[in-house]
Protein chains: 2
Amino acid sequence: MAGQQMASSIERRSGVSLWRQIADQILHSIAAGDFAENAALPPEVALAERYGVNRHTVRSAISALVQDGVLRAEQGRGTFVLSRKRLSYPIGARTRFSTGLQGQTSERHIVLLTSATEPASQRVAEGLGLARGTEVIRLETRGEADGRPVSRAVAWYEAGRFVGIDAAMAETGSVTASFKRFGIDDYLRQSTVLSARHADAADLADLNLQPGAIVLVAVAVNVTPDGRPIQFAETRFPAERVELKLSAL
Amino acid sequence: MAGQQMASSIERRSGVSLWRQIADQILHSIAAGDFAENAALPPEVALAERYGVNRHTVRSAISALVQDGVLRAEQGRGTFVLSRKRLSYPIGARTRFSTGLQGQTSERHIVLLTSATEPASQRVAEGLGLARGTEVIRLETRGEADGRPVSRAVAWYEAGRFVGIDAAMAETGSVTASFKRFGIDDYLRQSTVLSARHADAADLADLNLQPGAIVLVAVAVNVTPDGRPIQFAETRFPAERVELKLSAL
DNA sequence: AAAATTTGTCTAGTGATATAGACAACTATA
DNA sequence: TATAGTTGTCTATATCACTAGACAAATTTT
């Protein structure tokens, strides 16, 4: 299927403009490793012919990718691939942000965006095994690798048990290190549910995405080794930059 | 975040039309359980106001969902939700199509779409641990639950070892049963890599999707208990109808 | 019966998307 | 230097997407 040639056709009057569909396919093609770093894209006329559209339509697609930092166009020479392959984010029993991306990036860290205390919604309460309305701390964070945003998480913690976890996160930039301050040396992932959808406005802003991008959404519960829930989190990954690798749970 | 209200704004001049963005959000809202089955959607004027668009734009979104069988509109009364929640497809060490959906659907089966023998591409050869160019059998299948397509898979098997597996699949409609004929009573999932993208033309046709829909893509290797690869597969799930639940591996 | 609410249809106008063609500007090669 | 190949810019036109307003048709409530 996606292996070698793959006709990759384009849908008209679909609600998704042709230039965006073409941009998506080029992006996917790059992520799949069809182009080496710094390799030249086929010339605009060739792409236009392949997709059966006007050259200007291809130019719109390329222009979006240039603005997104994926391609660089040089007049008279060609259009060249800048970005590397997708990061492979491992998900398993001991899913850790930093450890998981080791070897794929030279630098990675977590930025605390906002924090607040609020009563637990039905969904959060269920995830943490609390009564609805119990006070919980909500932390919104962004994961960055080599300066590029690769995840955006909203996590909830029982407020009574984790007083000051927001400060710990801001200070350490690590979930694992923050838990250590509360005497939790190990934690496991109890459940993960995955879905995908178009990025909303907040995703676009926080993850520096172009409108129309797709995000992978993971809803997870982390527990202590004896099975008590300590964190309920919804994490969004930009599908164009990240794939999820399921490892042994 | 996605819990209670969620402003869920809309992006203009994004390459994705407003009506499609709104259709996606309504679909997601239904899948998230915001509406009971047969419940009425808010009236068109209210939706138009919420999203900050013209009523006609909302009508385009609703019209697409009506055609997709998700909503039913009745003049003078309102617009009503037809479809149920998303199926939750479990992925773990022993991922089986039929067993996994038990309890969520009354009926499910696999349809063999096409089969062919071909030399293994680089990607397939790596997955199966074969030399590039080795003959492999390619089977394309569709998974259906209660009459609705819920997955579309392309799977490769070593041709020398699995002579006649296409016939076995067509006959039994089950991967597990087909493997039994080759003396394989148990198999495990070695690895799974997940991504998401817009559905291509083939996905739209085989999964009966509307253009612009999103598919979750799982690339997996299945192995015998002693670790020998027997199947390399790429499966696509319509994100609007299926979520993936990661269970213990 | 009347009024209110809701979906269905129509017309008209505006802006974004896509097509078509031509030519300029720049680079590499013969 | 000349030629071929490539990206950049311009004009013009057609179609799709969205807005705006009005009214019809069906249903429910008063």
Side-chain angles (χ1 to χ4, degrees), chain A residues 8-26 35 38-82 198 201 210-212, chain B residues 9-26 35 38-82 198 201 210-213:
Chain A
S8 300
S9 50
I10 291 291
E11 294 294 315
R12 284 168 190 271
R13 62 185 67 89
S14 66
V16 183
S17 63
L18 300 186
W19 65 262
R20 170 142 292 282
Q21 293 183 58
I22 292 170
D24 282 350
Q25 295 208 0
I26 292 175
F35 300 96
N38 281 325
L41 223 59
E44 294 169 352
V45 278
L47 289 173
E49 193 172 357
R50 173 188 301 182
Y51 291 115
V53 300
N54 191 275
R55 181 181 154 228
H56 293 295
T57 307
V58 168
R59 283 180 60 74
S60 297
I62 289 176
S63 149
L65 294 175
V66 166
Q67 205 168 7
D68 199 27
V70 175
L71 299 175
R72 181 187 66 246
E74 291 181 31
Q75 186 169 354
R77 296 194 65 218
T79 305
F80 302 90
V81 175
L82 287 175
H198 283 122
Q210 296 292 101
Chain B
S9 49
I10 292 292
E11 293 295 313
R12 301 181 106 91
R13 65 184 65 89
S14 66
V16 181
S17 62
L18 301 186
W19 65 262
R20 170 142 292 283
Q21 293 183 60
I22 292 169
D24 282 351
Q25 294 207 2
I26 291 175
F35 300 97
N38 281 324
L41 223 61
E44 294 169 352
V45 279
L47 289 173
E49 194 172 357
R50 173 189 302 180
Y51 291 116
V53 300
N54 192 274
R55 182 182 152 226
H56 294 294
T57 307
V58 168
R59 283 180 60 75
S60 297
I62 289 176
S63 150
L65 294 175
V66 166
Q67 206 168 7
D68 200 27
V70 175
L71 300 176
R72 181 187 65 246
E74 290 180 32
Q75 185 169 356
R77 296 195 64 217
T79 305
F80 303 89
V81 176
L82 287 176
H198 283 120
Q210 295 293 103

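Letters A, B, ... mirror the listed sequences (proteins, then strands); counts begin at 1.
Here the side chain of B:Arg77 is nearest to one of D:dA25, D:dA22, D:dT27, namely D:dT27. When distances run from any side-chain atom of A:Glu44 to the nucleotides D:dG8, D:dC18, C:dT17, the shortest one goes to D:dG8. Closest to the side chain of A:Thr57, out of C:dT19, D:dT19, C:dT7, is C:dT19. Taking only side-chain atoms of A:Gln75, from C-beta outward, the nucleotide of C:dG8, C:dT19, D:dG8 with the closest atom is D:dG8. Among the nucleotides D:dA20, C:dT7, C:dT19, the one closest to any side-chain atom of A:Val53 is C:dT19. Closest to the side chain of A:Pro43, out of C:dA20, D:dT19, D:dT6, is D:dT6. Among C:dT19, C:dG8, C:dT17, the nucleotide with an atom closest to any side-chain atom of A:Ser17 is C:dT17.
Across all strands shown, B:Ser60 has no heavy atoms under 4.0 Å from either base or sugar-phosphate atoms.
If you check distances only, the side chain of A:His56 does reach the base of C:dG21 with a donor-acceptor pair under 3.5 Å. A donor-acceptor contact under 3.5 Å links the side chain of A:Arg55 to the base of D:dG8.
A 4.5 Å side-chain heavy-atom check between A:Phe35 and A:Ile26 finds every atom pair outside the cut-off.
Expressed to the nearest 0.5 Å, how far CG of A:Leu65 lies from CG of A:Leu71 amounts to 5.0 Å.
Map A:Gly52 and B:Val45 each onto its nearest nucleotide of DNA chain C; the residue landing nearer the 5' end is B:Val45.
Counting non-hydrogen atoms of neighbouring residues, nucleotides and ligands closer than 6.0 angstrom, the CD atom of A:Glu49 reaches no more than 12 such neighbours.
The CZ-P distance, from B:Arg59 to D:dA25, rounds to 15 Å in whole Å.
Under the 3.5 Å distance criterion, the side-chain polar atoms of A:Glu44 are left unmatched by any main-chain donor or acceptor of A:Arg59.
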